[in-house]
Amino acid sequence: MCIDALIKMFNSSDWGNVSEVITAVATISLAACAIVGLSTWKERSRAEFKRDFINELIDTTHEFATLILPAIQRMEFANIAIDSIAEAEPQRAKEKMQIFIDRGGERENHELVSILEKAKPSYTRLLSLMTKGQTYSLDNYNQCYEACNIIQSVYSNISNFASIISYKGNSWSTPAQKKMLKNAEELAAINYGKIVSEADTNILA
């Protein structure tokens, strides 16, 4: 009886509807498989993208740290020179920053600016990656961001120092000018090498 019903269905005008149903079911099945496959691909791509981003951020940070190293070394020498002035001329210890600028500030500015220009593309790329990373859902990214922010601040501080020491022949008599001298002293005394080393370690943590 069942066989007769099937034969009747196949021979009837309803066969077209059955064919449409089968086609629809097949289409839905294919679509479901495609969605699952696409979701898996997206998850894999997202994981690979995050890994590639972190690798690029780390590589850029290391590159910048390498390029900024000569400037850090010059800052260390500058700090030694500034303190040496105070030791050699204790009666003018309070003027040590001004004396340093008058005697060699222009030359030191030129050397620092030259190094900073070479590091600038890497510095700019680091800032861009730091901003981009905030748009992704990355584990412990805040710690990584803070470490990168500390490293990039080295560029800003050295740039500010270079700018201040370029004012050769300045009277340094106004409150604003005296504040600049004090700021330059503080910038020169920072241990940039230690800062970059510790921050670099935190990025990898």
Going by atom type alone, with no hydrogens or angles, which donor-acceptor pairs under 3.5 Å involve a side-chain atom of residues 108-119 and a protein atom two or more places apart or on another chain?
residue	atom	partner	partner atom	Å
Glu108	OE1	Arg74	NH2	3.1
Glu108	OE2	Arg74	NE	2.8
Asn109	ND2	Ala162	O	2.5

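- Judged as a side chain to side chain contact (heavy atoms under 4.5 Å, CB included), and not counting sequence neighbours, the contacts of Asn191 are Lys194.
- With rounding to the nearest 0.5 angstrom, the OG atom of Ser163 is 13.5 Å from the CD1 atom of Ile158.
- Not counting sequence neighbours, the partners of Glu89 by the side-chain hydrogen bond (donor to acceptor under 3.5 Å, both in side chains) test are Arg103.
- Gln177 and Ser171 make their closest contact through OE1-OG, 3.5 Å (heavy atoms, listed as atom of the first residue, atom of the second, distance).
- Listed by first and then second residue, the ring-ring contact (aromatic ring centres under 6.0 Å, His included) pairs involving residues 138-184 are Tyr123-Tyr155 (not counting sequence neighbours).
- Using a cutoff of 4.0 Å between basic side-chain nitrogens and carboxylate oxygens, Arg125 and Glu63 are scored as salt-bridged.
- Evaluation of the side-chain hydrogen bond (donor to acceptor under 3.5 Å, both in side chains) rule for Asn149 yields Gln152 as partners, not counting sequence neighbours.
- Annotation for Phe77: atom CZ does not count as buried by contact number, only 12 or fewer foreign heavy atoms lying within 6.0 Å.
- For Cys148 against Thr61, the heavy-atom pair with the smallest separation is SG-OG1, 3.9 Å.
- Note that CG of Leu129 is 4.5 Å distant from CD of Glu56, once rounded to the nearest 0.5 Å.
- Taken from CD1 in Ile68 to CD in Gln73, the straight-line distance is 11.0 Å, to the nearest 0.5 Å.
- Using a 4.5 Å heavy-atom cutoff, the side chains of Ile190 and Val154 are not in contact.
- Across every non-hydrogen atom of Phe53 and Gly133, the tightest pair is CZ-CA, 3.3 Å.
- Summarising the geometry of Thr60 relative to Ser122, their closest heavy-atom pair is O-OG, 3.5 Å, with the distance given to 0.1 Å.
- Under the 4.0 Å criterion applied to side-chain N and carboxylate O atoms, Glu48 and Arg51 are not assigned as salt-bridge partners.
- In this structure, the separation between CD on Gln98 and CD1 on Ile101 is 7.5 Å, given to the nearest 0.5 Å.
- Every residue meeting the side chain to side chain contact (heavy atoms under 4.5 Å, CB included) condition with Asn183, not counting sequence neighbours, appears here in chain and number order: Ile164, Glu186, Leu187.
- Taken to the nearest 0.5 Å, the CE atom of Met97 stands 10.0 Å off from the CG atom of Asp102.
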